[in-house]
Number of protein chains: 2
Amino acid sequence: MANIRTVSKLAGVSVATVSRTFSTPEAVSETTRKKVVKAAEKAGYRPNLLARNFRAKRSFAIMVLVPNIANPFFSRVISGIESEAQTRGYSILLGNTGGRPQRNAEYAGMVHTFQADGVIQLSAYDPFSGIEASKRPPLVNICECLDAQSSPQIQLDNAGAASSVIDHFVALGHRRIGVIQGPPDSPLTRDRLAGCQRAMQAHGLNLEPTAIAEGDFSTQSGFDAIDALLSLRKRPTAIFCFNDEMAIGAIRRIKDLGYDIPVDLSIAGFDDIAVSSFSVPSLTTIQQPAETFGRRAVEILCDMINTPGSVENARSTLPFKLIIRGSTGPAGQR
Amino acid sequence: MANIRTVSKLAGVSVATVSRTFSTPEAVSETTRKKVVKAAEKAGYRPNLLARNFRAKRSFAIMVLVPNIANPFFSRVISGIESEAQTRGYSILLGNTGGRPQRNAEYAGMVHTFQADGVIQLSAYDPFSGIEASKRPPLVNICECLDAQSSPQIQLDNAGAASSVIDHFVALGHRRIGVIQGPPDSPLTRDRLAGCQRAMQAHGLNLEPTAIAEGDFSTQSGFDAIDALLSLRKRPTAIFCFNDEMAIGAIRRIKDLGYDIPVDLSIAGFDDIAVSSFSVPSLTTIQQPAETFGRRAVEILCDMINTPGSVENARSTLPFKLIIRGSTGPAGQR
DNA sequence: TCCTAAAATGTAAACGGTTACACGCGCTCG
DNA sequence: CGAGCGCGTGTAACCGTTTACATTTTAGGA
């Protein structure tokens with residue numbers, strides 16, 4: 001394999017000049033530059049980035065920690081990360097954690113061994129907890145964020161978004177509203193639940209504890225949660241699922257039971273994944289700027305990497321949008 | 001940052017011994033090993049893998065080139081890749097190509113600069129075409145494969161799978177069968193179409209060219225393709241969509257038009273993505289071992305990386321399974 | 001006790017770039 | 001005409017690890 005010395009000999013210049021030709025071409029005269037480029041071409045020279053990065057103590061790679069790639073919402077966030085990283089010359093390392101803290105920590109540890117320059121964390125986890133602030137590697141939490149301010153957090157106004165769903169239900173005349181929440185220990189669940197409660201109270205209503213079913217954000221769990229909600233004495237006329245996948249599972253079960261949506265029951269989801277606009281009926285949901293989450297995370301992370309200390313651990317909030325589709329309708333049609 | 005020399009001084013041994021302690025512990029006596037480990041711990045030493053990999057001329061990273069991460073089938077394949085790579089000590093670099101050959105080539109080029117040890121390619125593209133066989137970097141094509149034998153190919157028996165869908169339709173009494181295919185230049189489209197034609201002929205039927213609509217594997221394109229098929233003079237009673245997403249779009253449009261599935265029309269898809277079992281009606285489809293594709297690709301790629309020349313460019317075929325669900329039923333019910 | 005082989009450890013040279021510093025050259029300006 | 005400057009280039013050290021080879025230590029047998 002051709003290295004920088006091969007090329008320097010071939011071009012009749014020093015290794016430094018070859019190096020400069022590729023990393024700081026403006027520091028080399030036009031004539032030598034051409035000479036070197038020609039020699040490099042002839043030798044089939046490609047700079048060894050392993051060596052370059054080693055010297056620079058930088059890998060130009062970003063570790064992305066995601067609980068589950070198969071989740072379509074996360075896929076979109078990753079698309080955003082990938083595209084922004086690509087334009088900035090960073091490559092992305094993918095870590096599928098399955099929500100396991102151990103895997104999470106393992107992957108995040110790659111930043112200590114210089115395999116990654118920073119971490120984007122898509123779940124409410126701090127892989128560097130316990131590390132003194134000035135020594136913490138660059139980290140950005142997105143989507144599901146930490147309460148702590150140990151790193152920049154980019155999130156949605158989950159409570160506000162949940163409120164807007166409740167407001168929509170109430171405006172349609174719904175009074176008995178049910179919820180299929182996510183795992184109870186998730187900040188997402190907590191914030192969305194708080195938003196629901198806030199909005200209910202603002203309308204003089206109560207979110208009955210029995211009308212809150214527990215899911216785990218999987219389609220199956222949405223399917224499974226329906227029976228309990230529909231067997232309540234005071235059956236809800238509208239159900240808010242904390243993500244679209246659970247909503248799709250719920251819709252399926254509701255139809256299996258012979259009910260019509262939205263005539264008998266209104267359903268709303270959260271995330272606006274691709275399939276939601278094609279379900280039957282199409283799903284009322286909260287749209288999140290998934291790709292923007294990814295892009296912004298990369299922007300901030302790169303700032304942290306390139307000028308340490310320049311970024312404060314701010315919490316930023318991206319806008320949501322209530323998308324009203326066919327799965328929600330007026331209450332009391334039957 | 002603590003390096004190997006810091007530790008060697010602290011432990012009172014040579015750098016070689018420290019190195020051996022971590023890379024070949026069996027070559028170091030028990031007592032020194034303990035001494036070194038303790039010193040390393042005290043110094044907060046983590047080996048610089050950038051340096052190690054540089055020395056080894058290996059990055060222990062695999063480049064995964066995928067046309068579109070947001071595709072749920074690819075997500076599952078990537079999960080498989082990630083998990084197998086993780087257990088083998090490889091990290092995975094993600095390249096979202098959007099199907100653009102240029103991006104594809106750019107990413108694949110990272111193997112020349114030692115940033116990746118090999119490439120897993122999820123589309124029918126050879127990023128190393130033109131490179132002499134003995135110099136080609138490790139590459140495995142999966143899912144959508146090349147006709148050439150320039151690298152190992154892991155694929156499904158697409159024609160066989162398509163045939164089995166047609167057989168299923170015919171067994172239900174369908175005679176007029178429509179197809180929503182993928183992009184015409186895709187080997188996937190070509191093979192599945194060939195399978196359809198073969199099966200139709202075996203049953204003494206013909207696949208009418210007018211009954212073949214063109215999609216691009218997106219949900220929207222499935223939606224859009226329906227009108228043309230349903231306005232045919234000889235309207236099909238069953239439609240085979242070449243992936244599940246198009247099938248979901250198609251189902252949506254068919255229901256909008258007031259038809260019942262499967263009473264008026266049977267629909268089948270391909271891939272068995274997660275949502276397909278929850279659609280209404282649930283989707284008859286071809287199940288592919290997505291994670292297995294990923295795992296096998298990593299297995300083979302690692303063999304190629306570790307013992308070059310040992311792997312022949314074989315073509316292997318993974319099994320499919322026809323999953324019969326609610327979207328297909330007997331013909332001529334109305 | 002001595003000799004030999006095996007095991008453990010040390011020394012120092014790579015690996016392929018980058019870059020601080022030195023140097024030479026041509027130019028400008030006083 | 002010489003000092004000073006800036007540009008382009010070269011020399012060589014350095015980054016942190018691995019590893020071939022040399023050397024020392026240990027163990028075991030005669």
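By convention in this document, chain letters (A, B, ...) are assigned in the order of the sequence lines, proteins followed by strands, and residues within each chain are numbered from 1. This structure is a prediction, so every number in the text was calculated from the model and none was measured.
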>> Can a side-chain donor-acceptor contact be found between A:R100 and A:Y125 if the only test is distance below 3.5 angstrom?
In response: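 No pair is found: no donor N or O on one side chain lies under 3.5 Å from an acceptor on the other.
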> Looking just at side-chain N and O atoms, do A:Q155 and A:T317 make a donor-acceptor pair shorter than 3.5 Å?
Replying inline: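 No - no donor-acceptor pair under 3.5 Å links their side chains.
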>> Within 45 degrees of the ring normal and closer than 6.0 Å to the centroid, is that where the cationic atom of A:R58 sits relative to A:F60?
In response: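 Because its charged atom sits under 6.0 Å from the ring centre and within 45° of the axis, A:R58 does stack over A:F60.
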Roughly, in whole Å, what's the span from [atom1] in [X] to [atom2] in [N]?
X: A:K9; N: C:dG16; atom1: NZ; atom2: C1'; answer: 13 Å
X: A:L50; N: C:dT18; atom1: CG; atom2: P; answer: 13 Å
X: A:N53; N: C:dT18; atom1: CG; atom2: P; answer: 10 Å
X: B:E30; N: C:dA7; atom1: CD; atom2: P; answer: 16 Å

>> Is it true that, when you exclude A:E30 itself, more than 12 heavy atoms of the residues, nucleotides or ligands shown sit nearer than 6.0 Å to its CD?
In response: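 Counting other residues, nucleotides and ligands, CD of A:E30 exceeds 12 neighbours.
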For nucleotides 16-20 of chain D, give me every protein contact, N/O to N/O, under 3.5 Å, one pair per line with atom names.
| unit_1 | atom_1 | unit_2 | atom_2 | d |
| --- | --- | --- | --- | --- |
| D:dG16 | OP1 | A:K57 | NZ | 2.7 |
| D:dG16 | N7 | B:R5 | NH2 | 3.4 |
| D:dT17 | OP1 | B:Y45 | OH | 2.9 |
| D:dT17 | OP1 | B:N48 | N | 2.8 |
| D:dT17 | OP2 | B:I4 | N | 2.5 |
| D:dT17 | O4 | B:R5 | NH2 | 3.2 |
| D:dT18 | OP1 | B:R52 | NE | 2.7 |
| D:dT18 | OP1 | B:R52 | NH2 | 3.4 |
| D:dT18 | OP2 | B:S19 | OG | 2.3 |
| D:dT18 | O2 | B:R55 | NH1 | 2.1 |

>> Just to verify, what does B:T292 make a side-chain contact (heavy atoms from CB on, under 4.5 Å) with, not counting sequence neighbours?
In response: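 Checked B:T292 against side-chain contact (heavy atoms from CB on, under 4.5 Å); matches are B:P289, B:R296, B:L318.
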>> At less than 4.0 Å, is any side-chain N or O atom of A:T32 found next to OP1 or OP2 of D:dT9? Yes or no.
In response: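 Yes, because at least one side-chain N or O of A:T32 sits under 4.0 Å from OP1 or OP2 of D:dT9.
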> Would you call B:R76-B:D271 a salt bridge at under 4.0 Å N-O?
Replying inline: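 Judged by the 4.0 Å cut-off on N to carboxylate O distance, B:R76 and B:D271 do not form a salt bridge.
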